[in-house]
Protein chains: 2
Amino acid sequence: MDIRPIHTAPIPVYFRLQEILTKNIENGRWKPGEAIPSERILSTEHGVSIGTVKKAIMNLVHKGYLYRIQGKGTFVGGTTLRRESLRYYRMMRDFDDVEDSLRIHFNGISLVESSDSAATHLNVAHHEPLFKLRRIFYSAERPVIWSMSFLPKYLFKDLDAQPPALFECGTLYETLEKQYGLPCVSNHELFGVQSADAELSEHLMVPTGTPLLSIEMVSYTYKNTPYEYRISYCVTDERRVFRAIE
Amino acid sequence: MDIRPIHTAPIPVYFRLQEILTKNIENGRWKPGEAIPSERILSTEHGVSIGTVKKAIMNLVHKGYLYRIQGKGTFVGGTTLRRESLRYYRMMRDFDDVEDSLRIHFNGISLVESSDSAATHLNVAHHEPLFKLRRIFYSAERPVIWSMSFLPKYLFKDLDAQPPALFECGTLYETLEKQYGLPCVSNHELFGVQSADAELSEHLMVPTGTPLLSIEMVSYTYKNTPYEYRISYCVTDERRVFRAIE
DNA sequence: CGTAATTTGTACGTATGTATG
DNA sequence: TCATACATACGTACAAATTAC
């Protein structure tokens, strides 16, 4: 019988290095877009072989944490690297249709106390201050998506002091990554149906009671920290919302 | 000035080996779950080093084409390996809710001529024979999803001769992979809203006109071949459809 | 139950090619 | 032109898991 308490798994050298690199990224010491030390430097600094450094780095490349350019270096990856589908609402008539390009209309940002549901989903205390960001997405002069985002104030200081144009070009992910160094790592969504109330019907220019596609979403950044809770309502009479799993 | 016509990119050895392995998988020579030759055998057979074989194999592991077990061997991967979210409709009340386990009711399979839209999405000729599979998914004795799938006959011979129980346990992906060796590699979806007509209202036990979540889907197997076109309608008053992007 | 053979996993080292600035 | 950095390819040795004997 084996007396040893429990089999002690030896932790590989490349894995330890991987954790060190991950920490430097998640702590914000190395920000998205910046270069990390070269293979040779990491190799001598940590006293491991080049091959081991390569293995640790390539694992993080596959996780979307890093990307490499031959002759230039190794860089910290951001949102767009991780998954193309995160970059935007994708609306189309059919599978072979071209993707609609949406125009974003900024509809105000304000500081609010977190509601029960927002607090739960963003993993913050009740009544903790949150930013509430409202936007409307237009497809060729027609409003098609109404969206309301909640973002913790402690992560995004002075978000309400940013110029409104910042919320109208590019995705919110890109903006937050550029301004605060936090990329989107993963993303949960719940799809349902909701009838348009008076406010939605006004903003989306549809009759009250029109059935809308509702998307509730929580986005996570490093360390599985939720950093955006969003509720969207979409008009899907002409175009529908596209998702791809590759 | 450089006179050479265009820079001829040298194709790496590991990449060529990768293509050979990929062909053996996609042609069905090595089926999901089966073992492929060992590193040593591939190394001597193709006259390359073990390290090069390892690199080719690991690339296919990351692509979801293969998986490895230390001491046992390297095996061809299937649907479940690729993406957990492909395994099922996932319905829940909220993000922190437990996932509902759905019971599948088989509602008949028949041979039909492809309609225009089915033919387009499945990339087959007009009037080509397709199987039409109808199922209803129950959440605790209550019907919540009505679904209709179209599958090309040329890929799934005698699918209508299979015992109905085959369509009621496990996912359709798993069944098709087990019976025909074709796993699901990728997946496109369009989300919209649809009012229940007489047929839907009867099957889903909701009043006519109830707004339903509609999901139109095309699934692809090896070589980007579409192999299932599915239309689903979901009742989302209590539970909604969950999707995760990792 | 241990032993041996097989197979993958880890870690090291070296040499050379290719891209960047 | 040159130094730097990543990419490819080879090789070796040993560890760890599995299976059959």
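We name chains A, B, ... by the order of the sequence lines, and we start the count at 1 in each one. All values below come from the heavy atoms of this structure, side chains included, with hydrogens, waters and symmetry mates left out.
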Quick one: is D:dA5 close enough that its OP1 or OP2 comes under 4.0 Å of any side-chain N or O from A:Arg40? yes

Send over the distance from B:Phe15 CZ to C:dT18 P, rounded to a whole Å. 17 Å

Considering all heavy atoms, the nearest A:Tyr173-A:Met217 contact: OH-CE, 3.3 Å

Toward the 5' end of DNA chain C, which comes first, A:Ile69 or B:Gly71, by nearest nucleotide? B:Gly71

Considering only heavy side-chain atoms of B:Pro10, the closest of D:dA9, C:dA11, C:dT18 is C:dT18

From CG of A:Leu66 over to P of D:dC6, roughly how many Å is that when rounded to an integer? 11 Å

Could you tell me the separation between the CZ atom of B:Arg16 and the P atom of D:dA7, rounded to a whole number of Å? 20 Å

Quick check for you: among C:dT8, C:dT10, D:dA9, whose closest atom lies nearest to any side-chain atom of B:Glu39? C:dT8

Give, for atom CH2 of B:Trp30 and atom OG1 of B:Thr22, the distance between the pair rounded to the nearest 0.5 Å. 9.5 Å

Ranking C:dG9, C:dA19, C:dT10 by distance to the side chain of A:Gln70, first place goes to C:dA19

So, is B:Arg68 close to the C:dT7 phosphate, meaning a side-chain N or O under 4.0 Å from OP1 or OP2? no

Proximity to DNA chain D (any heavy atom under 4.0 Å), residues of residues 41-57 of chain B only: B:Val48, B:Ser49, B:Thr52, B:Lys55

Are any side-chain N or O atoms of A:Thr221 and backbone N or O atoms of A:Cys184, one a donor and one an acceptor, separated by less than 3.5 Å? no

Could you state the atom-to-atom distance from CZ of B:Phe75 to C1' of C:dT8 in whole Å? 10 Å

Figure out the NZ/C1' separation between B:Lys72 and C:dA5, and round it to whole Å. 17 Å

Applying a 3.5 Å limit to both distances, which nucleotide forms a Watson-Crick or G-U wobble pair with C:dA4? D:dT19

In Å and rounded to the nearest 0.5 Å, what is the CG to CD distance from A:Leu122 to A:Glu128? 9.5 Å

Note: A:Arg90-A:Glu99 ion pair, threshold 4.0 Å (strictly below): yes

Between C:dA19, D:dT8, C:dT8, spot the one nearest the side chain of B:Thr74, thanks. C:dT8

Using 30° and 60° as the class limits, which term best fits the ring planes of A:His121 and A:Tyr229: parallel, tilted or perpendicular? tilted

A:Ser147 and A:Tyr89 side chains, donor-acceptor separation under 3.5 Å: no

